[in-house]
Amino acid sequence: MKRLGIMGGVFDPIHYGHLFTAEEARIEFKLDKVIFVPCRQPAHKRENDLSAPEDRYLMTILATGNNSFFEVSKVELNRPGPSYSIDTVQDFFKKYNSGVEIFFITGADAFLEIDSWYKSEKLITLCQFVAATRPGYDLNRLNEKFKKIIKIMEIPALSISSTDVRRRVREGKSIKYLLPQEVEKYINKKGLYRK
């Protein structure tokens, strides 16, 4: 049975924090591959706050291209409406005829709101959760019910954020070494995040 990591997110833009987290999860949990799944419309954000889905998809392709264990899926981009994690997990079970064990990789902060996720009670029965967190993060903030089922993974690179990258671009500051050079070039070429 394949061990598959799914890393969802808006990736606006993808940065080294995402990539390092995925690689750490791949090694620590002996995953056969990690699939990055850019979402079309996150359930908790307005769509017009995001860059175009195609830009976010292409930046993710550029960022992951040199790691043969990474793939990028358009499954959420091709699905209309809000992107629900449970739909994505079920799509991957169908794709692999259930012959896969799924590890859902996300930030520990996301688990603070997991009760609000669409069909979260069913979702937690379908896959294992890997919560990436910064060293020293207060895990007592996590819901006791979910604290028992998730696997915690400390990642120092999580101090990089997409929000900060966008702010730096808007303020004309350097984003070098926060994300892959190919992504930086794409941002500059397309003029993303300047306003």
Side-chain angles (χ1 to χ4, degrees), residues 4-23 25-26 33-92 94-95 102 104-107 109-111 113-114 116-119 123 132 155 157-195:
L4 183 70
I6 294 178
M7 187 157 181
V10 292
F11 303 124
D12 194 20
I14 188 168
H15 53 68
Y16 282 129
H18 298 121
L19 298 168
F20 189 75
T21 299
E23 181 67 1
R26 182 184 74 77
K33 68 171 94 170
V34 176
I35 300 179
F36 290 75
V37 185
C39 73
R40 168 173 290 282
Q41 181 184 343
H44 301 293
K45 287 186 177 179
R46 292 186 333 228
E47 189 173 10
N48 59 4
D49 290 342
L50 299 174
S51 299
E54 197 64 21
D55 285 331
R56 294 183 287 113
Y57 172 73
L58 289 174
M59 287 191 285
T60 308
I61 290 282
L62 290 169
T64 58
N66 65 358
N67 188 326
S68 62
F69 294 101
F70 289 172
E71 288 184 16
V72 182
S73 170
K74 287 184 109 174
V75 65
E76 290 190 3
L77 297 177
N78 292 335
R79 201 169 51 225
S83 302
Y84 295 119
S85 299
I86 191 165
D87 295 337
T88 301
V89 167
Q90 289 175 329
D91 281 346
F92 280 108
K94 283 180 199 164
K95 180 177 178 180
I102 293 180
F104 194 93
I105 306 163
T106 191
D109 287 341
F111 281 96
E113 301 174 0
I114 196 166
S116 68
W117 292 19
Y118 182 64
K119 295 185 179 179
L123 179 63
I155 303 292
L158 275 185
S159 58
I160 301 173
S161 77
S162 298
T163 301
D164 186 52
V165 170
R166 293 192 303 270
R167 181 189 57 77
R168 293 180 70 85
V169 171
R170 196 169 50 249
E171 294 176 356
K173 295 181 177 175
S174 174
I175 57 172
K176 201 172 287 298
Y177 310 121
L178 297 176
L179 39 68
Q181 189 175 26
E182 295 84 0
V183 177
E184 181 184 1
K185 287 180 180 174
Y186 186 89
I187 290 170
N188 290 333
K189 179 180 171 188
K190 299 286 283 191
L192 299 178
Y193 316 127
R194 292 190 181 156
K195 55 181 175 178

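Note on Glu54 versus Lys74: salt bridge recorded, some NZ/NE/NH1/NH2 to OD/OE distance being below 4.0 Å. By the 4.0 Å N-to-carboxylate-O rule, Glu23 lies close enough to Arg26 to be salt-bridged with it.
Of the inter-residue distances, the one linking Phe92 atom CZ with Ile6 atom CD1 reads 5.0 Å to the nearest 0.5 angstrom. Taking OG1 from Thr60 and CE from Met7, the interatomic distance works out to 10.0 Å, rounded to the nearest 0.5 Å. To the nearest 0.5 Å, atoms CH2 (Trp117) and CD1 (Ile86) are separated by 11.0 Å. For the atom pair Ile155 CD1 and His18 NE2, the distance stands at 12.0 Å (nearest 0.5 Å). Note that OH of Tyr186 is 6.5 Å distant from CG of Leu192, once rounded to the nearest 0.5 Å. Within the model, atoms CG of Asn67 and NZ of Lys33 stand 12.0 Å from one another, a figure rounded to the nearest 0.5 Å.
With Pro38 as the partner, the side chain to side chain contact (heavy atoms under 4.5 Å, CB included) test is satisfied by one option alone out of Val72, Val10, Leu58: Val72.
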Side chain to side chain contact (heavy atoms under 4.5 Å, CB included) assessment of Ile61 paired with Phe36: CA-CA 9 Å; Ile61 290 282; Phe36 290 75; over 6 Å; no

Kindly determine whether Asp91 and Glu76 satisfy side chain to side chain contact (heavy atoms under 4.5 Å, CB included), including the steps that lead there. CA-CA 10 Å; Asp91 281 346; Glu76 290 190 3; over 6 Å; no

Can Lys176 and Glu184 be said to form a side chain to side chain contact (heavy atoms under 4.5 Å, CB included), step by step? CA-CA 7 Å; Lys176 201 172 287 298; Glu184 181 184 1; 3.7 Å; yes

Let me see the working for Lys95 and Val75 under side chain to side chain contact (heavy atoms under 4.5 Å, CB included), right down to the final yes or no. CA-CA 11 Å; Lys95 180 177 178 180; Val75 65; over 6 Å; no

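Here the shortest heavy-atom pairing between Tyr193 and Met59 reads OH-CE, 3.3 Å. Val183 approaches Ala63 most closely through the heavy-atom pair CG2-CB, 3.8 Å. Closest of all the heavy-atom pairs between Arg40 and Pro53 is NH1-CG, 4.1 Å. Here the shortest heavy-atom pairing between Ala22 and Phe70 reads CB-CZ, 3.7 Å. A pairwise comparison of heavy atoms in Val165 and Pro13 identifies CG1-CG, 3.6 Å as the closest pair. Contact between Gly17 and Ile160 at its shortest, heavy atoms only, is N-CD1, 4.1 Å.
Leu50 has its side chain within reach of Pro42: a pair of non-hydrogen atoms, C-beta onward, lies under 4.5 Å apart. At a threshold of 4.5 Å between non-hydrogen side-chain atoms, the residues Leu19 and Ile14 count as touching. With a 4.5 Å cut-off on side-chain heavy atoms, Lys185 and Leu62 do not count as touching. Residues Tyr118 and Pro82 are not in side-chain contact: their nearest non-hydrogen atoms beyond the backbone lie 4.5 Å or more apart. Residues Ile175 and His15 fail the side-chain proximity criterion, which asks for heavy atoms closer than 4.5 Å.
In this structure, the side chain of Arg168 engages the main chain of Ser174 through a donor-acceptor pair within 3.5 Å. The closest donor-acceptor contact from the side chain of Arg194 to the backbone of Asn188 lies under 3.5 Å.
Side-chain contact, Ser51 with Arg166: no donor N or O sits under 3.5 Å from an acceptor N or O.
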